[in-house]
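Report on the structure given below.
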Amino acid sequence: MANLYQLIIFLLTILYNFAPSHQNHFATTPPLPVSPLPSYSQLKWQQREIIFFHHFGVNTFTNSEWGTGKENPKIFNPKGLNTAQWIDVAIQTGVSLSILTAKHHDGFCLWPSKYTDHSVIGSPLENGHGDVVKEFTEAANARGVDVGLYLSPWDRHDYRYGKNVAYNEYYMGQLQELLNNYGNVKEIWFDGAKGSNAPNMTYLFNDWFSMVEELQSSINIFSDAGPGVRWVGNEKGFAGTTCWSTINRTSLSIGNGSIVDYLNTGDEKGTDWLPAECDVSIRTGWFWHKSESPKKLSDLLEIYYNSVGRNCVLLLNVPPNTTGLISANDIQRLKEFKSAIDTIFTKNIADSCSIKASSVRGGKDSGFGPEWVLDKDHLWTYWAPSDDDDKDQWIEFTATNEEFRFNVVRIQEAIGLGQRIKKHEIYVDGKLVAKGTTVGYKKLHRLQNGVVKGHRVRIRFIGSRGIPLISSIGLHYDPYWHPDPVGR
Ligand code: FUL
């Protein structure tokens, strides 16, 4: 009798579980994020990939890099100033944000600040009625390019410099002028440079940052220690081969050169999301000098692979000349640079491959299959392995007809849910061709042995914080890449 009773209960349980009304019809949910996470503004910033910097001021006319602060404003005379031309160059280069030096260390202001006369007011520009910040921001707004500003804390001109209260009041007054009167500002740039004549000068960074965030809602604050974006630790445009967007802000300080290695690699265990920006000039100097010319295309590509291709944003300085224009040879080099990037990355050889993975979260058709690494949304659609697939997670591409040929591999993580990957390897027909550590928003591998041919590419993820989430993968051919045969 008891057995019969048990049998009935068993059959009823089966019926209950398989009755249509009790089946799970819901889609598989996305996995939990692994914190820390980027803010909306940090994600937008990361997707820009390349940003322009324009160093322009009295140094442009004195052929120097650091002005003394004693320059006569009358020397600032860009007779053909055309900021629209700068912005057009940004657009042609695919750049969506340009940052201008509103004030450099010499203290000369490119806008008519009411707190000093060391500015465009004393210059021949529109007989003292000019405003480069206004022209620049208006040209950018009219063309749909975002703007950023650099207001140097170190001021070699102003008499208040070195007097803590007076100078911080002056500086904060200028911040209010710049952030109240020129529309949206998407990035503000602070460095920690100080005059050796005023070693006790204290910059009230915390007050400055609070004020910046009060005045501009979607701004990223750049400094050695963020809080929006961190310095990469050098001015060569190179990030570490390992580069986490995470770091401990409490270990950072602004203007302290000893932490450059930490800034360069970030910190796997960091509790703050603070991605790195790689600043470098297209020429040797930050300001325009007649004797200098733009870097070679191969150098710019090297910088691109070592910055954008290492999970960073490239802040490329393009200095306007004494006429007030971007020089023709810089424009030419930027055209070549943009065209090279398009040539390399427009075609993805993986698009014509069949694709499979070690496992899929929620099974086939769950929305997390490996095919999602080939769609055009690079952030919120991704391949996710199943939670229990923690030994050998891989994704594999197989050529459907003739063998493929490539020399660049691009991997991108769904960083909206955190940066996860610690270690990965790339195999072609079973042979290891590249390996690396972090991936982040974008990792580019230029294959050190040049072009590989084959039928099967497997990318293995062999260490991650939580499961890896891969938003995009590309197999590309870079015709400009000729690895040095020495040391192979
Ligand atoms: C540094 C400055 O000292 C350089 O002149 C330049 O502006 C560079 C981008 O930042 O801190």
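Worth saying up front: this structure is predicted, and the values here are computed from it rather than measured. Start at 1 and go down the list; that is how both ligands and their atoms are numbered.
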Neighbouring protein residues of ligand 1 - any heavy atom closer than 4.0 Å: Phe53, His55, Trp66, His104, His105, Tyr150, Trp189, Asp191, Glu235, Asp279, Trp286
Partners meeting ring pair (Phe, Tyr, Trp, His ring centres under 6.0 Å) with Trp111 (sequence neighbours left out): none
Axial cation check for Tyr167 ring with Arg160, 6.0 Å and 45° limits: no
Geometric cation-pi criterion Lys194 and Tyr203, 6.0 Å radius, 45° cone: yes
Qualifying residues under side chain to side chain donor-acceptor pair (under 3.5 Å), relative to Thr93, sequence neighbours excluded: none
Ring pair (Phe, Tyr, Trp, His ring centres under 6.0 Å) partners of His55, counting only residues at least two apart: Phe53, His104, Trp286, Phe287
Name of the residue among Lys186, Arg48, Lys44 meeting salt bridge (Lys or Arg N to Asp or Glu O under 4.0 Å) with Asp146: Arg48
